[in-house]
Amino acid sequence: MSSAVASESGAEKAFYLTTPIYYVNDAPHIGHAYTTTAGDVLTRWHRQRGEKVWFLTGVDEHGTKVQRAADAGGVTPQQWVDNLVENEWLPVLQTVDAANDDFIRTTEPRHAERVQRFWEQVREHGFVYSAPYEGPYCVGCEEFKFAADLAPGTGEYEGQQICPVHGRPCEQLQEENWFFQLSAFTERLIAHYEANPEAIQPRSAYNEVMSFIRGGLADISMSRSSVSWGIPVPWEPSQVIYVWFDALLNYATAVGYGTDPSSPEGEQYANTWPADVHLVGKDILRFHAVYWPAMLMAAGAPLPRKVFAHGWLLVGGEKMSKSKLTGIAPSQIIDHFGSDAFRYYFLRAIAFGQDGSFSWEDMSARYTSELANGLGNLASRATAMVGRYCEGILPAATADGEAERALQELLVSTAANADAAMVALDFSTGITAVKEFIEAVNGYVTEQEPWVLAKDPANRARLETVLYTICESLRAVAVLYNPLMPKKMQE
Ligand code: MSP
């Protein structure tokens with residue numbers, strides 16, 4: 001089933017998936033863990049298909065937001081990020097059981113050097129110029145805002161324009177910056193996305209991006225002169241590179257962009273880039289589907305194959321966030337339910353691409369009905385019966401009938417349907433397919449009544465066939481659910 005393709009060097013190109021790199025102004029909440037979990041499930045799925053896979057995640061350490069958090073904490077920005085990365089962001093990967101291949105920090109020299117090389121290249125290509133910037137900037141978003149991005153404020157902000165994501169007015173900037181000539185890429189981006197409509201998903205995200213680009217792209221600051229916490233602009237080190245134009249590059253720098261092609265890093269770049277999937281939340285779609293490909297075009301590098309924008313985890317109808325004090329730490333849920341149930345719940349209960357709300361009641365109800373009663377019960381009944389009737393040794397199936405054949409056929413279609421859904425990032429449909437197979441196996445147990453068969457030695461062959469069929473079905477479920485719930489499925 002492998003969809004592996006050879007890279008230019010002849011080696012198999014890795015299926016390369018990235019999560020956004022998370023701001024380390026604060027500790028992670030389940031909104032962050034959601035993206036990482038989805039990426040982990042998808043990459044485990046592709047690995048299990050026999051593909052070579054590279055899964056990158058990491059942290060975004062520069063910018064005003066992080067600088068201010070450090071200032072408020074009375075430490076240097078470097079101390080602030082070192083502490084949070086060590087004590088919060090790396091541990092959360094263990095908490096959610098992520099099997100990432102690399103973890104990039106934007107303060108690492110490998111990143112900073114390659115970012116500088118990238119912008120030198122863009123400048124040499126003639127897409128950078130110096131000009132004054134004046135306009136609104138949202139520090140929460142770390143974004144230069146356009147009038148169309150803002151909304152009228154209410155309550156204490158009545159009469160002012162606010163950032164709709166952060167619910168507060170922007171800061172007014174006035175600085176002498178370096179600009180990236182984004183406007184030069186309007187037509188090329190439109191042509192690219194018309195030719196590759198699958199490059200932005202879901203469809204609603206594609207439409208949003210296309211209408212933004214068709215509205216015409218304005219040039220955008222690529223540096224900040226009033227910020228010091230960042231990567232110096234190589235040709236004017238008194239300024240730093242605008243945090244997003246540093247951060248987006250992590251996807252390429254982490255796999256060796258800008259290194260000697262004959263070095264190990266250069267070979268990795270050839271076998272990994274471009275990314276197959278950038279997973280992002282819908283709030284950062286424009287950066288990934290407009291600015292990022294334009295930057296790559298300007299540098300002459302290949303474009304990512306797909307950006308998938310997922311929805312938000314909501315609290316009281318609003319995006320869960322630490323700044324609004326609505327963040328739930330992943331461990332609050334995982335300490336109680338375990339990492340497998342956490343992974344299962346968020347990918348099963350929320351259609352990937354849409355917003356969803358977390359509630360303890362819903363989590364608890366699905367845990368009981370789908371995991372404990374549906375799957376857990378089946379597994380414990382099966383092992384108990386093999387123990388009781390067959391001394392713990394799984395018998396062979398020698399008397400297959402109609403019911404067994406039906407289950408076998410259902411398994412074949414379940415595996416195909418789950419695979420098609422998972423590789424399309426339709427996790428909920430993929431999981432539901434497996435869940436329905438489990439229900440069918442439970443139905444089979446009820447119909448076949450192995451405990452009745454066990455009463456009469458004349459039924460021995462049927463009893464063994466039924467027990468074998470149940471266990472073989474469970475083995476298949478363990479494989480299909482392994483990327484989703486690796487701990488329990490190993491058990
Ligand atoms: N640092 C930037 C990303 C740079 S990528 C080159 C950033 N960081 S973030 O920490 O604010 O957000 C990272 C990701 O977490 C985004 O995809 C964002 O959508 C996601 N989430 C943050 N809160 C979320 C929810 N409440 N729900 C779902 N995802 C959320 O943006």
Side-chain angles (χ1 to χ4, degrees), residues 17-39 56-67 69 81 84-85 88-89 92 96 98 103-107 111 115 118 138-143 163 165-167 205 229-231 241-255 257 275 277-293 295-296 304 307-330 333 346-347 349-358:
L17 181 136
T18 67
T19 72
I21 50 170
Y22 305 99
Y23 286 126
V24 283
N25 57 315
D26 211 334
H29 59 64
I30 59 174
H32 307 118
Y34 179 57
T35 322
T36 304
T37 299
L56 175 73
T57 186
V59 283
D60 190 351
E61 303 181 284
H62 293 130
T64 309
K65 188 149 104 160
V66 172
Q67 162 116 52
V81 297
L84 273 174
V85 169
E88 298 285 353
W89 289 91
V92 82
V96 303
F103 183 87
I104 180 118
R105 298 183 55 176
T106 54
T107 51
H111 174 72
V115 166
F118 179 92
C138 172
V139 174
C141 298
E142 292 281 14
E143 185 173 9
C163 163
V165 180
H166 291 92
W229 177 235
I231 299 174
I241 294 168
Y242 165 46
V243 63
W244 268 100
F245 285 176
D246 143 2
L248 285 163
L249 276 158
N250 89 87
Y251 304 131
T253 61
V255 294
Y257 170 87
V277 182
H278 287 316
L279 276 189
V280 301
K282 63 181 185 179
D283 47 325
I284 56 174
L285 177 61
R286 190 188 295 172
F287 292 102
H288 285 83
V290 182
Y291 304 164
W292 176 224
M295 285 161 64
L296 290 164
V307 174
F308 194 106
H310 66 68
W312 286 338
L313 302 189
L314 306 174
V315 174
E318 284 191 49
K319 182 181 173 219
M320 172 183 300
S321 85
K322 278 273 175 166
S323 58
K324 290 186 183 143
L325 304 177
T326 53
I328 300 173
I333 297 173
F346 284 102
L347 294 187
I350 303 167
F352 203 61
Q354 284 165 31
D355 293 346
S357 297
F358 167 78

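This chain uses plain numbering: 1 for the first residue, then up along the sequence. Note that ligands are numbered from 1 as they come in the structure, with each ligand's atoms numbered from 1 the same way.
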What protein heavy atom lies closest to [atom]? Include the residue and the distance to one decimal.
atom                    : value
atom 16 (C) of ligand 1 : Ile284 CD1, 3.7 Å
atom 17 (O) of ligand 1 : Gly281 N, 2.8 Å
atom 30 (C) of ligand 1 : Gly31 O, 3.7 Å
atom 15 (O) of ligand 1 : His32 CD2, 3.6 Å

Practice task
Answer with yes or no whether Tyr251 contacts ligand 1, where contact means a heavy atom under 4.0 Å from a ligand atom.
Solution key: yes

Handout entry: 4.0 Å heavy-atom contact, Trp244 with ligand 1
Key = yes

Atoms of ligand 1 close to [X] [distance to a heavy atom under 4.0 angstrom, numbered from 1]:
X      : value
Asp283 : 18 (C), 19 (O)
Gly311 : 28 (C)
His310 : 28 (C), 29 (N)
His288 : 5 (S), 6 (C)
Leu248 : 6 (C)
Asp60  : 1 (N), 2 (C), 4 (C)

Problem - Carboxylate-amine/guanidinium proximity below 4.0 Å for Arg105 and Asp60 - result: no

Exercise for the section: Please examine the side chains of Phe118 and Tyr257, heavy atoms only from C-beta on, and report whether any two atoms are closer than 4.5 Å. Expected result: yes

Practice task
Taking the side chain as every heavy atom from C-beta outward, state whether Phe346 and Ile333 have any pair of such atoms under 4.5 Å apart.
Solution key: yes

Where the closest heavy atom to [atom] is concerned, which of [options] has it?
atom                    : options                      : answer
atom 3 (C) of ligand 1  : Thr35, Ile21, Thr19, Leu249  : Ile21
atom 28 (C) of ligand 1 : Leu313, Val280, Asn250       : Leu313
atom 13 (C) of ligand 1 : Tyr23, Phe245, Phe346, Tyr22 : Tyr22

Handout entry: Lys65: partners by salt bridge (Lys or Arg N to Asp or Glu O under 4.0 Å), with sequence neighbours left out
Key = none

Practice task
Determine, step by step, whether His32 and Trp89 satisfy the side chain to side chain donor-acceptor pair (under 3.5 Å) criterion, reporting the C-alpha distance in whole Å, the side-chain angles of both residues, the deciding distance to 0.1 Å, and the verdict.
Solution key: CA-CA 10 Å; His32 307 118; Trp89 289 91; over 6 Å; no

Handout entry: Check: Tyr251 ring centroid to His288 ring centroid under 6.0 Å
Key = yes

Practice task
Please step through salt bridge (Lys or Arg N to Asp or Glu O under 4.0 Å) for the pair Asp355 and Lys319, ending with a clear verdict.
Solution key: CA-CA 9 Å; Asp355 293 346; Lys319 182 181 173 219; over 6 Å; no

Practice task
Please say whether Met320 places an N or O atom under 3.5 Å from an N or O atom belonging to ligand 1.
Solution key: yes

Fill in the blank from the handout: For Thr106, the side chain to side chain donor-acceptor pair (under 3.5 Å) test, sequence neighbours excluded, returns none

Practice task
Specify whether Phe352 and His310 have parallel, tilted or perpendicular ring planes, treating 30° as the upper limit for parallel and 60° as the lower limit for perpendicular.
Solution key: tilted

Problem - Check: Tyr22/Thr57 side-chain N/O donor and acceptor closer than 3.5 Å - result: no

